[in-house]
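When a ligand or atom number is given, it counts from 1 through the structure's own listing order.
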Amino acid sequence: MIVKPKGTYDILPEEVKKWTKLEDTIRKICYLYNYKEIRTPIFESYDVFHRDKKDTSDMVMKETYDFMDRGERKITLRPEGTAGIARAYVENKIYAVNPVTKLFYIGPMFRYERPQKGRTRQFHQFGIEALGSDSPLIDAEGIALGTALIRSLGLKGVTVKINSLGDEETRERYRNVLVEYFTKHQDDLCADCRERLLKNPLRILDCKVDKDKEFFLQAPKINSYWTESSKNHFEAVLNALKNMQIPYEVCPNLVRGLDYYSHTVFELEADIPEFGAQNVLGGGGRYDKLISDLGGPQTPAFGMAFGLERLLLATELCGKKLDKPDSIHIYFIALGEKAREECGKIMNICRIGGLACEMDYLGRGIKAQFKDADKNNAHFTCILGENELAEFKINIKDNMTDIQETISLYEVYNYVINKLNQSAGVCAGCTKKE
Ligand code: AMP
């Protein structure tokens, strides 16, 4: 019997539904933030991923699938999405058409890693890249998009861990200070970090072995070396996050594994007890040299990536089911002809605003309409009888919390949008209480 290659797995028909649901949710959120989908090849020229001789990351050094094709071309299966998109951006001169280009991708990636729980050799990522703007608002918007995705999957306790690596000058200054400091502690460093000290001292801060040791905790922090403009950029990002009510935690040791980051770097976590220390769902940062490295113009950029397997696992561990039946936002229960007419009007406004709605078209009694609301997995049920209609009022019930209120007929849309914003997000497809 021929079996699947090591580190791969099949997504069987019964599991495909949750994948498509996750992909749908991603697409809806990207649409709201005006990110457009791009699909680049799964294999690229070897040089797309191996262009920077100084890149010492495991992914580039040890984990790529490289091979010669039958025409003697050196090929690499993509281990991540950013470099291929940067190549496409330059090759198609997208910068000449759109000064700011916001792209997203979903698809398989390949890394020759030791297969283990949550780590496979073929896995899937969703990511965004915003190219052409150095505005801190782009960083904050990207982080908001990631937060909205996690929330819309029903995951709670989203935290943004964030830091700034500053500009080139900041990193140069900081690198020198770090080398000096860790050279003094060379004998305490693990073998990997001793090598990092020579090649990429910032990466020492990523070390999982030494991270709790006293000399490590006492190491100089990058915030003392930010240039004025680096500091301003970071403060503007944090301010924008505050304005959007996105909780964050500044982590001075966060550097992220890749060499090309500058300014903002961040990771997004959700509160998933079973994940333990491995609760990072995605992350990213600003990178300003990649496009010019690939032969394009100097272009500031920002990107973020999520592992889809990890998002699905997190959703499952939190008891949320993505493959459950479809749901709607509001079911309108109307009692009497006039009420039905009025509900039709409100429903139309809500639908134009992006809320999925339904009502009864068979003139059924109240009990049957409640049943139908249930069958449709309605997040909210609106009830309009003659008395309410006479006062331009309507009853609205949140089926997740069972809270019922009487509001103005003209308030339905805003009321529902506000409630959805407070809980999960508009695009979730409501997750009705089980
Ligand atoms: P990275 O591109 O290394 O920053 O990874 C981004 C996300 O992709 C991680 O948070 C993981 O969820 C996911 N990921 C990376 N490598 C693998 C792998 N070998 N198997 C499954 N998921 C992965």
Item to check | Min N/O separation Q125 to ligand 1 under 3.5 Å | outcome: yes
Checklist outcome for this item: atom 14 (N) of ligand 1: of F126, F306, F123, the nearest heavy atom sits on F123
Checklist entry - Taking only heavy atoms of E113, which atoms of ligand 1 are found under 4.0 Å from at least one of them? => result 16 (N), 17 (C), 18 (C), 19 (N)
Next on the checklist: Between R121 and E63, does any NZ, NE, NH1 or NH2 come within less than 4.0 Å of an OD or OE carboxylate oxygen?
Outcome noted: no
Next on the checklist: According to side chain to side chain contact (heavy atoms under 4.5 Å, CB included), who are the partners of E249, at least two apart in sequence or on a separate chain?
Outcome noted: T159, K161, C251
Next on the checklist: Take a 6.0 Å sphere around NZ of K221 and say whether it holds more than 12 heavy atoms from other residues, nucleotides or ligands.
Outcome noted: yes
Checklist outcome for this item: A student comparing R119, H124, M109 should find that the heavy atom closest to atom 17 (C) of ligand 1 comes from R119
Item to check | Region of R121 that comes within reach of ligand 1 [heavy atoms, distance under 4.0 Å] | outcome: neither
Item to check | Aromatic ring pairing F126/F306, orientation class (parallel under 30°, perpendicular over 60°, tilted between) | outcome: parallel
Checklist outcome for this item: For residues 100-123, the ring-ring contact (aromatic ring centres under 6.0 Å, His included) pairs (sequence neighbours left out) are Y65-Y112
Item to check | Close-contact set for ligand 1 against T120 heavy atoms, below 4.0 Å | outcome: 18 (C), 19 (N), 20 (N), 21 (C)
Next on the checklist: Any salt bridge linking E316 with K320? Criterion: basic side-chain nitrogen under 4.0 Å from a carboxylate oxygen.
Outcome noted: no
Checklist entry - In ligand 1, which numbered atoms sit nearer than 4.0 Å to a non-hydrogen atom of G118? => result 20 (N), 21 (C), 22 (N)
Next on the checklist: In terms of relative ring orientation, are H50 and Y46 parallel, tilted or perpendicular, with 30° and 60° separating the classes?
Outcome noted: parallel
Checklist entry - Is there at least one pair of N or O atoms, one from E80 and one from ligand 1, spaced under 3.5 Å apart? => result no
Next on the checklist: Nearest non-hydrogen contact with atom 1 (P) of ligand 1 belongs to which option: E63, R111, R310?
Outcome noted: R111
